[in-house]
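Data first, discussion second: the structure below is written as structure tokens.
By convention in this document, chain letters (A, B, ...) are assigned in the order of the sequence lines, proteins followed by strands, and residues within each chain are numbered from 1.
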Amino acid sequence: MNNSHIISANNLSFSYNGETVLENVNLTINENDFVWIVGPNGGGKTTLLKLMLGLLKPKTGSIKIFGDSPQKARRYIGYMSQHILLDSQFPVSVLDVVLMGRLGNGRSVGPFRSADKEIANEVLQQVGLLEYRQKQFSQLSGGQQRRLLIARALVSRPKILLLDEPTANLDADSEKDLFELLKKLNKELTIILVSHDPAFVSDFVKRVVCVNRSVHEHPTTEISGSYVSEFYGDQRRIIQHDKHLEED
Amino acid sequence: MIEFFSAVAEFSFLQKALLAGVLAGVACGLVGPFIVARRISYIGGGIAHSVLGGMGAAYFFSNVFNWNWLHPLYGAVVAALLSAIVIGLVSLRAKQREDTIISAIWAIGMAVGIIFIMKTPGYNENLLSYLFGNILMVSSHDLWQIAGLDLLIIAMVILFYNKFLAICFDEEFVRARGINVEFYYLLLLCLTALTVVVLITVVGIVMVIALLTLPVAIAGYFTRTLWQTMILSTITTIVLTVFGLALSYNLDLPSGASIILLAGFLFLITIFGKKIVAIFTSK
């Protein structure tokens, strides 16, 4: 096994109640990759993500993160969940939300320590939300909430960042801000992002993986000028779904 | 009001009632905010009503077999914890028909309790005090038990505040951090169960859920974080119980119902007050 492979799935299969969701998945992810996982609803994107997080166990085959089981490698992974808020008035401050990312890191009972709060402040600074730290979560805009959830994933000092539908219901400007942030983070982190948006991906994504029961990797090709930039206001790439990359 | 406080200085049953109100306020203020934030007040209602089964059984066995040690409060604790765990497991595992199962436990618990109480020989004035509370009948023994439950609730909330908050906010994320979400969720429901037991002495089974949610809803209008909500709703509950008691003493009204009516009234004032303030400040 190549050492630069930080995640490797070998003949990975998974099924819910006898129905196969993922079949014979082989996938390797390298350090500092920016991987976009696309696919139709029910195609198995989220299942693949949950297998990487160790929330599900493979039926057959294996998945290794830094050569270990996902449960053991948990501390290397920062996770941005597809967050659904039950109560729009949920009484929680920005700082409270970031600190949730420190759970499972240090002391398991009692209040957070000052070291935890220092890291939380650093990360809030990094995503540009430090001045909002005493605000209530619900007072933030949609784009700010997403950045906060990224901060929560970063506060455990991970090496891999997993994001589940980070751009869902975001306007174009907030989406652009979010990608600028991810681009900056990608210099130090491996980023894996799940989205159902099948056609267009931002121009700094390095690999596109399509999950629909099986897994295929597509090349991204730049399309020059044309109507795409007219619609989106910046340059994007289009995935060629008819061409598959050979296994490397 | 002055009349009430001079009566408090004179009568020990009023002192005990006030003390019970303060102790209930603490339990309520610490646990209520989690229930409101996680939107599980229906689960709280289910636990509260099923408690009658345990109280009725304890009442029956202590009378029929002369088990004088078997205080109805013990039956309440056992039934509350049992139904918290059953309802909790159902809500974690069976995603469908969760409300149907909670309703079933709610009604079955009450049915068991009513049968036991009705089959207990003698005159059963207890049923009414279980259902609607009787804070004026609180004994020193009851107070010690409530204080013990309070201490347990305080300790648990201090130890696990961060985890409870995170689980109420985003269960999936906490699970991915490698934390046993099921365990802490059930623990939170068990604390809810103990709080319900504390509150039953004050307002009775039927009105527990109002005291568990209304002060939190009122406090929620003025606070940004969960611990602020806890402090303010604790104070709100204590104030409501004191004034509710005074009201019931002066006008000779049932105490539990007076407290709840006052809570409902304050809740409405808060909603409309906020709206009116918003209208004036926006101009």
Side-chain angles (χ1 to χ4, degrees), chain A residues 46 49-50 52-56 70-75 77-113 116 132-139 145 148-149 152-153 155-156 158 162 164, chain B residues 29 32-43 91 95 154-185 187 213 216-233 270-271 274:
Chain A
T46 304
L49 203 74
K50 284 186 175 172
M52 289 179 186
L53 285 164
L55 293 176
L56 296 173
Q71 284 83 3
K72 280 187 184 161
R74 225 161 223 161
R75 63 202 161 99
I77 296 184
Y79 172 49
M80 179 192 171
S81 60
Q82 203 179 338
H83 180 255
I84 301 152
L85 197 57
L86 293 161
D87 179 4
S88 63
Q89 295 301 310
F90 198 103
V92 67
S93 73
V94 166
L95 185 62
D96 286 339
V97 174
V98 180
L99 281 170
M100 287 174 194
R102 295 296 296 171
L103 286 175
N105 269 63
R107 185 163 58 181
S108 62
V109 294
F112 286 112
R113 281 179 286 197
D116 293 319
Y132 298 98
R133 69 198 175 122
Q134 301 299 346
K135 286 240 181 230
Q136 196 172 338
F137 179 77
S138 55
Q139 290 175 317
Q145 289 185 354
L148 176 56
L149 296 180
R152 183 178 65 166
V155 86
S156 59
L162 286 183
D164 197 357
Chain B
F34 289 119
I35 295 168
V36 172
R38 185 63 167 68
R39 294 215 162 173
I40 50 173
S41 58
Y42 190 63
I43 291 183
S91 77
K95 292 292 174 199
I154 293 169
M156 289 294 181
V157 169
I158 290 174
L159 285 177
F160 303 119
Y161 174 86
N162 292 327
K163 290 199 177 78
F164 291 152
L165 173 66
I167 288 170
C168 291
F169 184 72
D170 187 352
E171 205 178 294
E172 182 78 3
F173 177 82
V174 182
R175 197 169 279 132
R177 296 291 316 146
I179 286 159
N180 190 339
V181 168
E182 278 73 19
F183 172 78
Y184 289 104
Y185 181 66
L187 187 62
T213 54
V216 179
I218 294 164
Y221 277 100
F222 305 99
T223 53
R224 278 194 315 254
T225 66
L226 196 80
W227 65 266
Q228 290 170 348
T229 313
M230 283 179 171
I231 292 171
L232 192 56
S233 60
T270 313
I271 295 176
K274 270 267 166 181

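Of the atoms belonging to B:T223, it is backbone heavy atoms, and not side-chain ones, that fall under 4.5 Å from chain A. Only the backbone of B:I158 comes within less than 4.5 Å of a heavy atom in chain A; its side chain stays farther off. Neither the backbone nor the side chain of A:L162 comes within less than 4.5 Å of any heavy atom of chain B. Neither the backbone nor the side chain of A:Q71 comes within contact range of chain B, judged by heavy atoms closer than 4.5 Å.
Separation of atoms CE (A:M100) and CD1 (B:I179) is listed at 11.0 Å; rounding is to 0.5 Å. Residue B:R175 holds its CZ atom at 11.5 Å from OG of A:S81, rounded to the nearest 0.5 Å. Taking CG from B:D170 and CG from A:L149, the interatomic distance works out to 7.5 Å, rounded to the nearest 0.5 Å.
Residues A:F90 and B:C168 form a side-chain contact, since some pair of their non-hydrogen atoms from C-beta on lies under 4.5 Å apart. Two residues are said to be in side-chain contact when any heavy atoms from C-beta on lie closer than 4.5 Å; A:P91 and B:L226 meet this criterion.
Taking the ring axis of B:F173 as reference, the NZ or CZ atom of A:R152 stays within 45° of it and closer than 6.0 Å to the ring centre.
Contacts with chain A were tallied for B:P33, B:G220, B:A166, B:A176; B:A176 has the most, counting heavy-atom pairs under 4.5 Å. By number of non-hydrogen pairs under 4.5 angstrom with chain A, the leading residue of B:N162, B:V174, B:L159 is B:N162. Top candidate by heavy-atom pairs under 4.5 Å with chain B, chosen from A:R75, A:Q139, A:M80, A:Q134, is A:Q134. The choice from A:A153, A:G54, A:S156 that makes the most heavy-atom pairs within less than 4.5 Å of chain B is A:S156.
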Intermediate values then yes/no, side chain to side chain contact (heavy atoms under 4.5 Å, CB included), A:K50 and B:E172: CA-CA 10 Å; A:K50 284 186 175 172; B:E172 182 78 3; 3.0 Å; yes
Test log, rule side chain to side chain contact (heavy atoms under 4.5 Å, CB included), inputs A:V92 and B:L165: CA-CA 8 Å; A:V92 67; B:L165 173 66; 4.3 Å; yes
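In this structure a side-chain-to-backbone donor-acceptor pair under 3.5 Å is present from B:R177 to A:L103.
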